[in-house]
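Quick notes on the structure that follows.
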Amino acid sequence: MEQQARPYRSVLYIPGSKERALEKAKTLPVDAIIFDLEDAVAMDEKEAARDLLAQSLKAGGYGARMKIVRINALDTAWGKADVAALKDAGADAVLLPKVNGSADVQALADMLGDMPIWAMMETPLGILNAAEIAAHPQLSGFVMGTNDLAKDLNSRFRADRLPMMASLQMCLLAARAHGVVAVDGVYNAFKDDEGLKGECDQGRDMGFDGKTLIHPAQIAVANAAFAPSEAEVELARRQIDAFEAAEAAGQGVAVVDGKIVENLHIVTARQTLAKAEAISALEG
């Protein structure tokens with residue numbers, strides 16, 4: 001299981017075939033990187049990208065950023081070779097595309113050893129089996145593949161993402177039931193900061209841990225949206241102080257800003273502080 005305090009505010013896709021992008025990623029203020037060998041790499045570049053990525057990961061330099069490799073699906077001509085080349089290259093997890101059920105996760109686990117596995121949640125069958133996938137003991141993270149999902153659903157783009165809501169919430173429920181990280185899908189208009197902020201705010205309010213990104217220009221917006229604000233940190237501290245004082249006086253609840261504070265609020269408050277501290281450590 002992933003440590004939920006670890007930040008996943010910004011999760012940037014980097015093509016495994018682009019040497020300059022792989023080098024630049026070492027300097028970007030992202031919480032996690034998805035080194036992509038699947039959609040971002042042309043078929044005639046797959047093998048060269050695999051070798052380049054393995055060399056880059058072994059060389060290191062990515063600091064505390066979470067390093068996730070998205071391999072090609074295991075039923076393609078490249079998937080199994082991706083696993084063989086990259087399982088010992090220094091990545092923190094392997095991201096499997098087009099996961100339809102826990103059997104897909106197990107097939108990768110059989111090849112990978114005990115390395116953490118993340119799942120692309122991007123097919124109708126995968127969404128329907130989200131709880132079963134999240135329950136796999138080696139599964140550590142969900143990444144929403146909203147573009148592929150929209151294609152399969154034949155749904156239209158809407159700023160409110162109403163056609164995506166059931167799928168997003170099913171995956172969130174499954175992730176939270178089994179202690180799995182859940183990262184929201186990409187926002188395609190990488191020059192539209194206002195639209196990106198709206199979608200980040202929506203994903204954060206739903207409960208996602210962060211946002212997958214397709215361009216470095218999106219990092220600052222995602223980092224701000226998914227980090228606890230100064231006001232949230234200050235409120236969390238006051239809630240904890242008030243509740244501890246109430247407990248010391250033999251009371252089970254406290255009142256802060258005219259609102260009841262119970263133990264469940266303190267759990268959330270402590271999580272807020274832990275996340276803020278983890279972000280500070282990462283950025284420091």
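For reference, positions follow the sequence shown, starting with 1. Please read all numbers here as calculations on a predicted model, not as lab measurements.
I279 and V233 fall into different hydrophobic clusters, where Ile, Leu, Val, Met, Phe, Trp and Tyr are joined by side-chain heavy atoms under 4.5 Å apart, directly or via other members. By the rule that hydrophobic residues join a cluster once side-chain heavy atoms approach within less than 4.5 Å of another member, L86 and V41 end up as members of separate clusters. In the hydrophobic clustering of ILVMFWY residues, with side-chain heavy atoms under 4.5 Å counting as a link, L173 and L125 come out apart. Under the 4.5 Å side-chain heavy-atom criterion for Ile, Leu, Val, Met, Phe, Trp and Tyr, V94 and L22 are members of the same hydrophobic cluster. Residues I219 and F35 share a single hydrophobic cluster, defined by chaining ILVMFWY side chains whose heavy atoms lie under 4.5 Å apart.
What you find for C200 and A225 is that their closest heavy atoms are CB-CB, 3.6 Å. Between A93 and M66 the shortest heavy-atom distance is CB-CE, 4.0 Å.
Of the residues listed (D148, D104, D75), the one engaging K98 in a salt bridge (Lys or Arg N to Asp or Glu O under 4.0 Å) is D148, and it is the only one. Remark: of the listed residues R161, Q202, R204, R161 is the sole one forming a side-chain hydrogen bond (donor to acceptor under 3.5 Å, both in side chains) with D184. When R176, R6, K275, R9 are each tested for a salt bridge (Lys or Arg N to Asp or Glu O under 4.0 Å) with D209, only one passes: R176.
No cation-pi contact links K67 to Y62, judged by a cut-off of 6.0 Å to the six-membered ring centre and 45° from its axis.
Side-chain atoms of T268 and L264, non-hydrogen and from C-beta on, never get closer than 4.5 Å to each other.
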**side chain to side chain donor-acceptor pair (under 3.5 Å) between D39 and Y13, intermediate numbers included** = CA-CA 10 Å; D39 287 346; Y13 284 101; over 6 Å; no

**Request:** Might you work through the side chain to side chain donor-acceptor pair (under 3.5 Å) test for S102 and E132, ending with a clear yes or no?
**Result:** CA-CA 6 Å; S102 61; E132 166 202 313; 2.8 Å; yes

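Proximity of a side-chain donor or acceptor of D82 to a complementary backbone N or O of L37 within less than 3.5 Å is not detected. Within the 3.5 Å criterion, the main-chain N or O of A40 finds a donor-acceptor partner in the side chain of D36. Judged purely by atom type and a 3.5 angstrom limit, S56 uses its side chain to pair as donor or acceptor with the backbone of L52. A donor-acceptor pair is defined here as one N or O able to donate and one able to accept, closer than 3.5 Å; no such pair exists between the side chain of Q138 and the backbone of Q106.
Using a 4.0 Å cut-off between charged nitrogen and carboxylate oxygen, D201 and K197 count as a salt-bridge pair. One finds no salt bridge joining E283 and R65 here, because no Lys/Arg side-chain nitrogen approaches an Asp/Glu carboxylate oxygen to under 4.0 Å. Ionic pairing of E199 and K211 is present here: one or more N-O contacts between side-chain nitrogen and carboxylate oxygen are shorter than 4.0 angstrom.
A 6.0 Å sphere centred on CG of D114 holds no more than 12 heavy atoms belonging to other residues, nucleotides or ligands.
In this structure, OG on S167 lies 8.0 Å from CG on L128, to the nearest 0.5 angstrom. Here the NE2-NZ distance, from H215 to K191, works out to 8.0 Å after rounding to the nearest 0.5 Å.
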Identify all side-chain donor-acceptor contacts of residues 248-262 below 3.5 Å with residues at least two apart in sequence or on another chain.
residue, atom, partner, partner atom, Å
D257, OD1, R238, NH1, 3.1
D257, OD2, R238, NH2, 2.8

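Not counting sequence neighbours, the partners of N147 by the side chain to side chain donor-acceptor pair (under 3.5 Å) test are N188.
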